[in-house]
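Single-structure report; data block below.
Numbers restart at 1 for each chain; the letters A, B, ... are given by sequence-line order, proteins then strands.
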There are 2 protein chains.
Amino acid sequence: MIKPSDYELKLLRHLWRAGRLSARELHDASVEETNWSYSATRKTLERMIEKGLVTLEAVHGLNTYVAAQSKVETLAVLASAFARDVLDLDAPLPAAAFAGSKLVSPGEIAELETLLQDLSAKAKGEGKS
Amino acid sequence: MIKPSDYELKLLRHLWRAGRLSARELHDASVEETNWSYSATRKTLERMIEKGLVTLEAVHGLNTYVAAQSKVETLAVLASAFARDVLDLDAPLPAAAFAGSKLVSPGEIAELETLLQDLSAKAKGEGKS
DNA sequence: ACTCAAATGCGACGCATGTCGCATGTATGC
DNA sequence: GCATACATGCGACATGCGTCGCATTTGAGT
């Protein structure tokens, strides 16, 4: 599970919503938030492939991109990093923290909570060794 | 208000607790978490001064360091960045998110909530313009 | 006054990442 | 068959930051 940077996250959001996008489509969709040149978008995308954040899929000769991690998984990584590094918390973030976010449905919040518990349990295990 | 990196935050935590520390003291206190050489600690500290995260105070010729932002202010910046960038939330994080953290007392949570509201209100204002 | 250890200042390397541009391919319309 | 437009591959520069070493200064002890 890889922790994306803020900008990478912006791109990922579009991919989660759309499922699969070409570089051009993704750029057009995200340029308002990033203010990037097309080249910048593509380069970032390229590095996200190397890192395993997105997968490349050629469709009829055109390259398209798909998120390699689910939204909920990614949110879980980010949230547990925040809880650990900023809040200095052992336990996972309470579900209440996500309640107001438009990004996640109630069902996804439940899923998130499960993942969060797994992550903090695993961290604890490693910490003890 | 400056947003510290994870490592910078580790150093800041010691400064908040101790109030004022020399480079050597701070290094000794934090080396267990950072696993840094003394030089690394000092360099980071130096850059934190440039950035305005800490202030240098010479006491009888010995350099000491003091956090330039309060713990609660810093937590507020970090929390609102998380809410905005990760959760895509307009409103501030609910206080419940901080409830379990050993870093903040109930009184500080109240203070935090006020700051968080200010920050999100200001962000909104700027966003609209 | 001399020595020694600790404190300081400063330069540097490497990696990640934001940011671009250019050269080459390739498909499409004339 | 050729020009035009977009897609792709790839190289590059700057900045931030983690990481470290070294040379110089300075204070304390003898």
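Distances shown here put every side-chain N or O of A/S39 at or beyond 4.0 Å from the OP1 or OP2 atom of C/dC22. Residue B/K51 places at least one side-chain N or O under 4.0 Å from the OP1 or OP2 atom of D/dC17. OP1 or OP2 of C/dG18 has not a single side-chain nitrogen or oxygen of A/N35 nearer than 4.0 Å. An OP1 or OP2 oxygen of C/dA7 is reached within less than 4.0 angstrom by no side-chain nitrogen or oxygen of B/S22. For A/N63, no side-chain nitrogen or oxygen approaches OP1 or OP2 of D/dA7 to under 4.0 Å. The side chain of A/S5 places no N or O atom within less than 4.0 Å of a non-bridging phosphate oxygen (OP1 or OP2) of C/dT17.
Between the side chain of B/S80 and the backbone N or O of B/V77, at least one donor-acceptor pair lies under 3.5 Å. A/W16 contributes no side-chain N or O that, together with a main-chain N or O of A/V66, makes up a donor-acceptor pair within less than 3.5 Å. Between the side chain of A/E25 and the main chain of A/S22, a donor-acceptor pair closer than 3.5 Å is present.
Within the 4.0 angstrom heavy-atom criterion, no nucleotide atom of any strand lies near A/T34. Nucleic acid contact for B/R24: sugar-phosphate only, since backbone atoms but no base atoms lie under 4.0 Å from a heavy atom of the residue.
The base of D/dG11 is paired with the side chain of A/K43 by a donor and an acceptor separated by under 3.5 Å. Scanning atom types as modelled, one donor and one acceptor separated by under 3.5 angstrom connect the side chain of B/R47 and the base of D/dG18.
Here the P atom of nucleotide D/dG11 and the CZ atom of A/R42 are 13 Å apart, to the nearest Å. For the pair A/K10 NZ and C/dT17 P, the computed distance is 16 Å after rounding to whole Å. A/K3 has its NZ atom 13 Å from the C1' atom of C/dA16, to the nearest Å. In this structure, CG of B/D6 is placed 18 Å from P of D/dG16, rounded to the nearest angstrom. With rounding to whole Å, A/H60 atom NE2 is found 19 Å from D/dT8 atom C1'. A straight line from OH of B/Y65 to C1' of C/dG9 spans 10 Å, rounded to a whole angstrom. One atom, OH of B/Y38, and another, C1' of C/dG9, lie 12 Å apart when rounded to the nearest Å. Between the P atom of C/dA6 and the CG atom of B/L26 lies a distance of 18 Å, rounded to the nearest Å.
Geometrically, B/R24 engages B/Y38 in a cation-pi contact, judged by NZ or CZ lying under 6.0 Å from the ring centre and within 45° of the ring axis.
When the nucleotides D/dC10, C/dC20, D/dC20 are ranked by their closest atom to the side chain of B/A40, D/dC20 comes out on top.
Tested against B/E33 for a side-chain hydrogen bond (donor to acceptor under 3.5 Å, both in side chains), the candidates B/K10, B/R13, B/H14 yield a single pass: B/H14.
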